[in-house]
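Throughout, protein chains are lettered first and strands after them, A, B, ... in sequence-line order, and every chain is numbered starting at 1.
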Number of protein chains: 2
Amino acid sequence: MSQDLPESSREPGFDLEDFPGVHMAVDVAVMTVGEPNEWGERQLMTLLVKRTGEFEPGTWVIPGRFVRYRERLKDAAKICLKEKVGITGVNPRQLNVLDEPDRDPRGWTMSVGHVVPVPFYVALKAVGESPMTRDLAVVTEKRIEFRSEQQTLPRSQQKILDYAVNYLRSRYASRPDPKGFLGEKFTLSELYEVHAAILGQKFWSRDAMRRNFLPFLEDTGEISKGSVGKPAVVYRHRERDPLTTPRRVQIPSSSQIATEY
Amino acid sequence: MSQDLPESSREPGFDLEDFPGVHMAVDVAVMTVGEPNEWGERQLMTLLVKRTGEFEPGTWVIPGRFVRYRERLKDAAKICLKEKVGITGVNPRQLNVLDEPDRDPRGWTMSVGHVVPVPFYVALKAVGESPMTRDLAVVTEKRIEFRSEQQTLPRSQQKILDYAVNYLRSRYASRPDPKGFLGEKFTLSELYEVHAAILGQKFWSRDAMRRNFLPFLEDTGEISKGSVGKPAVVYRHRERDPLTTPRRVQIPSSSQIATEY
DNA sequence: AGAATAGTGTCTGTTAGACATTATAGA
DNA sequence: TCTATAATGTCTAACAGACACTATTCT
């Protein structure tokens, strides 16, 4: 363990107490994809909470929380979700670190942005439990659209959302619904709507998606019901990846956090 | 500014002092690409420093440093490079946050990994100034090869290097030498060697690279000299990107930091 | 029957990869 | 001349996108 220390900490005369600590926080972008609208389009959304304290009450922000002594960031993010929006059983992923020293007038703080993709019904349930203090906002290219009220997110929170969107885009570029926005079973149309909501114009055509994703799926034997038109075959995810992997090898996604703004 | 706070910090009765601060550090992976070896291959390398203090002297680690009060992470990384390896004028990029609470037996610390790509001559100069306490190690797939001595890097430092490699791979997948490992002028062969060092088998063939990168380059009129075979045309980067951008739109790289290990 | 959606088959343009050919240097 | 490397041109297989056509449901 001790060999994991930064090199400087081992110089002669070094004292950890010479460096005051920073108050650490986490902010969590809970991302989901809504149901199709009247034109059959789905939209990427994020869960917001309303500030209820003495400071700027009524402001909508993504859930956040300070990190307790010796707490891990991922645990802090999980507890944050449990306490603020009643969501459990998720796995937050680190994004960028917000380190502007003047973020908090009361002291020196940093915050680590996180992202958590959840199925729509989970987000809906969270909002339903406390509709006055929780809401879903549509996330579009570099902007957020609140349901009714105007509002713009704090700049640093918008930055976290930008990274959250990029995270989802990299994950949804070449695999069918890896984060399970749809449930266990789904049709190819639903799959296309979800991927189109995340990737927009950058995604394949329906034809290309079918060709590329079908090897990852298996037929459940069921067919969709209740809608106009020919019923669609219902698929589920295959247990293991197909042996016929895509010809072109995937470039690993960047690990960078900070992008120039 | 104050609206950038995490939501929890604004609850009634909240006191920032209830949350003790964490000692913040930065670790910086200085990455470079070496000169071609006897088989014409170049290799990705990273700059290491030798611990000189009382603790584990002789251990090789990537440069690191604690963050001073209200200091920005990027500034801490820059100062770290200046003081430890004499490198200035660079722009460190954030990677992942190491938050294991037992990393430092003396107290609660976290460290933010950074990456800095530098031309080979810069790394060579840094080593040359202090050859006993600085060295270059070859970075291969998920492992590090030290020049002479054995050594394996501390686990958390290896993690930073993994992210640094992924960062470079995403950057070098579709643009010619964006971080300037080669100098201002270079031949297509040199360009291929650098990209192959970073991307390995995942990179294009020489033919495909030529077709895709040529629109980004312009002929200097010069030709290479001194080697066997037909002299190569010397290119430089074009001022602006070509109007004929690649047909297939690039999926933005992931913003995630933490990957499961 | 008509509209709407799902699924299949075919064609075309683009591109990566392979390879042959030519060009030009040093040994 | 021989060898090594650079540069160009051509061919092929793979694939994305487009579209025609069939299938199946609801109204």
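Regarding Met209(A), its CE atom lies at a distance of 16 Å from the C1' atom of dC15(D), rounded to whole Å. As a whole-Å value, the separation of Glu222(B) CD from dA25(C) P is 15 Å. In this structure, Trp204(B) atom CH2 and dT14(C) atom C1' are separated by 14 Å, rounded to whole Å. Atoms CZ (Phe213(A)) and C1' (dA16(D)) sit 14 Å apart, rounded to a whole Å. Rounded to whole angstrom, the span from the CD1 atom of Ile223(A) across to the P atom of dT5(C) amounts to 17 Å. Nucleotide dG7(C) holds its P atom 12 Å from the CG atom of Leu217(A), rounded to whole Å. Nucleotide dG7(C) holds its C1' atom 12 Å from the CG atom of Asp219(A), rounded to whole Å. Following rounding to the nearest Å, Gln201(A) (CD) and dG17(D) (C1') show an atom-to-atom distance of 14 Å.
Among the protein residues, Thr187(B) comes within range of no part of the nucleic acid, since none of its heavy atoms lies under 4.0 Å from any strand. Contacts of Ser189(B) with the nucleic acid, taken as non-hydrogen atoms under 4.0 Å apart, involve only primed sugar atoms and P, OP1 or OP2.
In this structure, Lys230(A) and Asp207(B) both approach DNA chain C, and ranking their closest nucleotides by distance from the 5' end singles out Lys230(A). For the pair Glu190(B) and Ser227(A), nearest-nucleotide mapping onto DNA chain D gives the more 5' position to Glu190(B).
For the atom pair NZ (Lys78(A)) and NE2 (His114(A)), the distance works out to 10.5 Å, reported to the nearest 0.5 Å.
The phosphate of dA6(C) (OP1 or OP2) has no side-chain N or O of Arg210(A) nearer than 4.0 angstrom. Within the structure, every side-chain polar atom (N or O) of Arg211(A) is placed at least 4.0 Å from both OP1 and OP2 of dC15(D). Phosphate contact (OP1/OP2 of dT15(C), side-chain N/O of Asn212(B), threshold under 4.0 Å): absent.
Of all heavy-atom pairs spanning Pro92(B) and Val90(B), the tightest one is CD-O, 3.6 Å. Between Leu48(A) and Trp60(A), the shortest heavy-atom contact is O-CZ3, 3.6 Å.
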Could you walk me through whether Arg134(A) and Lys50(A) pass side-chain contact (heavy atoms from CB on, under 4.5 Å), step by step? CA-CA 6 Å; Arg134(A) 302 175 190 168; Lys50(A) 200 177 204 169; over 6 Å; no
Assess the residue pair Asp177(A) and Tyr172(A) against the criterion (side-chain hydrogen bond (donor to acceptor under 3.5 Å, both in side chains)); give the C-alpha distance rounded to whole Å, side-chain angles, the decisive distance to 0.1 Å, and a yes or no. CA-CA 6 Å; Asp177(A) 193 24; Tyr172(A) 275 72; 2.5 Å; yes
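Listed nucleotides dG7(C), dG17(D), dA7(D) differ in distance to Ser205(A); the shortest reach to its side chain belongs to dG17(D).
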